[in-house]
Amino acid sequence: MFLRLVHGVCEGRVEEVLGLYAERTHVEHPFHPLEAPPLRSLEELRAHFGGGSSAGHTLRRRPVGIVVHETADPEVVVGEFRYEGTVVETGEAFGIPGVFVLRVRDGKIVESRDYLDHLRSARARGRLGEVLDAVRERHGG
């Protein structure tokens with residue numbers, strides 16, 4: 001499940017990725033600098049993966065350094081990896097480390113905590129200044 005998720009995200013197979021999740025799910029990004037609310041439905045996930053025009057630069061990426069850890073709970077999958085790739089518009093290389101903690105029930109992801117380096121991601125997308133401004137505004141700095 002983890003491998004299908006990270007490869008599907010990198011290859012832009014949004015419908016296939018959405019098919020991995022339960023209709024009602026709970027996806028959190030605990031390290032998100034703007035404290036993004038959890039995504040709780042397929043529609044919220046569709047909007048998240050859609051990105052829209054505000055997504056910034058185009059990233060060509062692949063998951064590398066993949067390690068999937070066994071857990072005592074058969075529903076829980078822990079996978080660590082890095083998204084590595086190139087920014088299409090600039091040719092700049094990037095690496096974004098991550099750890100996903102998934103709960104899979106009846107073949108669908110019902111819960112996920114996605115620990116990513118959101119600042120590296122914003123930098124790769126050409127949006128670091130925008131994100132830092134939003135953090136300053138949110139936290140009064």
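Being a predicted model, the structure only gives us computed values, none of them experimental.
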Test of understanding: clusters of I, L, V, M, F, W, Y form through side-chain heavy atoms closer than 4.5 Å, transitively. Do Met1 and Leu116 belong to the same one? yes
Nearest heavy atoms of Arg113 and Pro30, plus distance in Å: CB-CG, 4.4 Å
So, His57 versus Arg125: side-chain donor-acceptor pair below 3.5 Å or not? no
Rounded to the nearest 0.5 Å, how far does CD of Glu43 lie from NE2 of His48? 14.5 Å
In the structure I gave you, are the side-chain heavy atoms of Leu5 and Val17 within less than 4.5 Å of one another anywhere? yes
Treating Ile, Leu, Val, Met, Phe, Trp and Tyr as nodes and any side-chain heavy-atom pair under 4.5 angstrom as an edge, say whether Val6 and Leu18 lie in one connected cluster. yes
So do the side chains of His7 and Ile66 get within less than 4.5 Å of each other, counting heavy atoms only? yes
Flag the pair Val76 / Arg103 as yes when at least one side-chain heavy-atom distance between them is below 4.5 Å, and no otherwise. yes
Answer yes if Leu3 and Val14 sit in the same cluster of Ile, Leu, Val, Met, Phe, Trp and Tyr residues linked by side chain heavy atoms under 4.5 Å apart, and no otherwise. yes
So Arg123 and Glu92, salt bridge (Lys or Arg N to Asp or Glu O under 4.0 Å) or not? Walk me through it. CA-CA 11 Å; Arg123 182 174 182 271; Glu92 181 180 357; 2.8 Å; yes
Atom CZ in Arg62, atom SG in Cys10: separation rounded to 0.5 Å? 9.0 Å
When rounded to the nearest 0.5 angstrom, what is the spacing between CG in Leu102 and CD in Glu75? 12.0 Å
Can you name the closest pair of heavy atoms from Val9 and Phe49 and give their distance? CG2-CE2, 3.8 Å
Kindly compute the distance separating NE2 (His32) from OG (Ser121), expressed to the nearest 0.5 Å. 8.5 Å
Hey, mind stepping through Leu34 and Val135 against side-chain contact (heavy atoms from CB on, under 4.5 Å) and telling me if it holds? CA-CA 6 Å; Leu34 298 175; Val135 168; 3.7 Å; yes
Are Ser112 and Asp114 linked by a side-chain donor-acceptor pair shorter than 3.5 Å? yes
Scanning both residues in full, the closest heavy-atom pair of Pro38 with Glu28 reads CB-CG, 4.2 Å
With a 4.5 Å heavy-atom cut-off, do Leu119 and Leu132 have their side chains touching? yes
Shortest non-hydrogen contact from Ala124 to Leu59? O-CD2, 3.6 Å
When you measure from the side chain of Arg120 to the backbone of Phe94, do you find a donor-acceptor pair of N or O atoms at a distance under 3.5 Å? no
Rounded to the nearest 0.5 angstrom, the CD-CZ distance for Glu89 and Arg60 is 9.5 Å
Given side chains that start at C-beta, do those of Glu15 and Arg46 come closer than 4.5 Å, heavy atoms only? yes
Consider only side-chain heavy atoms of I, L, V, M, F, W and Y, link residues closer than 4.5 Å, and tell whether Val27 and Val101 are in one cluster. no
Supply the atom-to-atom distance His26 NE2 to Leu39 CG, rounded to the nearest 0.5 angstrom. 9.0 Å
Could you report the tightest heavy-atom contact between Pro33 and His118, atom names first, then the distance? CD-CB, 3.5 Å
Sort and list the pairs that fulfil ring pair (Phe, Tyr, Trp, His ring centres under 6.0 Å) and have at least one residue in residues 71-92, not counting sequence neighbours. Phe2-Phe81, Phe81-Tyr83, Phe81-Phe100
How would you list, by chain and number, every residue that makes a salt bridge (charged side-chain N to carboxylate O under 4.0 Å, His left out) with Asp106, sequence neighbours excluded? none
If you define the side chain from C-beta out and look only at heavy atoms, does anything of Tyr21 sit under 4.5 Å from Leu42? yes
Looking only at heavy atoms, what is the nearest atom pair of Val99 and Val78, with distance? CG1-CG1, 4.1 Å
Set of side chain to side chain donor-acceptor pair (under 3.5 Å) partners for His69, sequence neighbours left out: Glu80
